[in-house]
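Written below as structure tokens is the structure these notes are about.
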Amino acid sequence: MTAVDPRSVERAVAHAALSVPGVAGLQPGLGRSLADAAHAAHAAHAAHAQHAPAAAAPGPGAGVRARYARDSGVWHVEVRCVLTEGRRALDTARAVRARARAAVNRQAPGGCVVAVTITRIVGNVRGRARTG
């Protein structure tokens with residue numbers, strides 16, 4: 001049994017994945033996206049009723065899902081990445097997996113299995129569309 005909160009593992013893995021060159025961001029899964037949208041709609045409705053602004057940003061581990069398997073004592077982590085073009089997706093995915101494993105081991109030493117999914121590749125994020 002582990003006393004480590006899966007959300008803290010998710011946040012650590014998200015931070016590690018975002019530090020990899022070529023990772024533009026993390027993409028939440030459909031379930032998390034729907035939950036975030038429902039929460040944002042509820043918060044916006046409540047804010048409107050109180051005349052206050054609503055915050056609708058996804059959580060810090062939005063593109064990461066972590067689960068601890070008690071029977072095997074192993075963490076199962078899924079990371080959904082959006083990459084920038086210009087780098088090999090395979091190399092970037094391997095780097096994300098290595099950093100994610102290291103992050104999990106810092107949070108909860110033991111075994112972990114990390115699956116990295118590249119959801120899309122986007123154009124140059126730093127040099128956004130230039131006008132003129």
Side-chain angles (χ1 to χ4, degrees):
M1 186 168 156
T2 183
V4 178
D5 178 26
R7 289 184 183 166
S8 69
V9 172
E10 290 171 352
R11 284 190 297 273
V13 169
H15 182 72
L18 290 170
S19 73
V20 173
V23 175
L26 301 176
Q27 181 173 349
L30 180 59
R32 173 87 44 102
S33 293
L34 292 173
D36 287 345
H39 176 72
H42 178 69
H45 178 70
H48 179 70
Q50 297 175 353
H51 303 293
V64 179
R65 183 174 165 202
R67 174 178 67 79
Y68 182 73
R70 290 184 185 152
D71 58 336
S72 63
V74 174
W75 281 91
H76 293 269
V77 179
E78 299 172 43
V79 185
R80 298 172 48 88
C81 298
V82 177
L83 304 184
T84 58
E85 63 185 12
R87 296 187 182 266
R88 280 181 24 127
L90 178 61
D91 294 338
T92 305
R94 285 178 175 162
V96 168
R97 184 176 61 191
R99 290 196 189 178
R101 280 184 180 160
V104 172
N105 287 330
R106 281 191 299 275
Q107 291 283 318
C112 72
V113 176
V114 178
V116 178
T117 302
I118 307 304
T119 59
R120 64 188 160 141
I121 298 174
V122 296
N124 187 0
V125 174
R126 290 184 192 170
R128 303 217 177 202
R130 296 179 186 162
T131 57

- When you look at Val113 and Trp75, which way does the side-chain contact (heavy atoms from CB on, under 4.5 Å) test go after all the steps? CA-CA 6 Å; Val113 176; Trp75 281 91; over 6 Å; no
Quick one: closest heavy-atom pair of [X] and [Y], and the distance?
X	Y	value
Val116	Ala93	CG2-O, 3.9 Å
Val79	Ala17	CG1-CB, 4.1 Å
Val20	Ala95	CG1-CB, 3.7 Å
Asn105	Gly110	OD1-O, 2.9 Å
Ala66	Pro6	O-CB, 3.8 Å
Val4	Gln107	CG2-O, 3.6 Å

- Item | Donor-acceptor under 3.5 Å (Thr119 side chain, Cys81 main chain) | yes
- Output yes when a side-chain donor or acceptor of Gln27 lies under 3.5 Å from a complementary backbone atom of Val82, and no otherwise. no
- Item | Sub-4.5 Å side-chain heavy-atom contact between Cys112 and Val114 | yes
Distance from [X] atom [atom1] to [Y] atom [atom2], nearest 0.5 Å?
X	Y	atom1	atom2	value
Glu78	Glu10	CD	CD	10.0 Å
Thr92	Ile118	OG1	CD1	7.0 Å
Ile121	Thr84	CD1	OG1	8.5 Å
Arg99	His15	CZ	NE2	9.5 Å
Arg80	Thr117	CZ	OG1	6.5 Å

- Query: After noting the C-alpha distance and the side-chain angles of Leu83 and Val122, does the key distance pass the side-chain contact (heavy atoms from CB on, under 4.5 Å) rule?
  - Reply: CA-CA 6 Å; Leu83 304 184; Val122 296; over 6 Å; no
- Message: Side-chain heavy atoms nearer than 4.5 Å, only ILVMFWY residues, links allowed to pass through others: does that put Tyr68 and Val74 together?
- Response: no
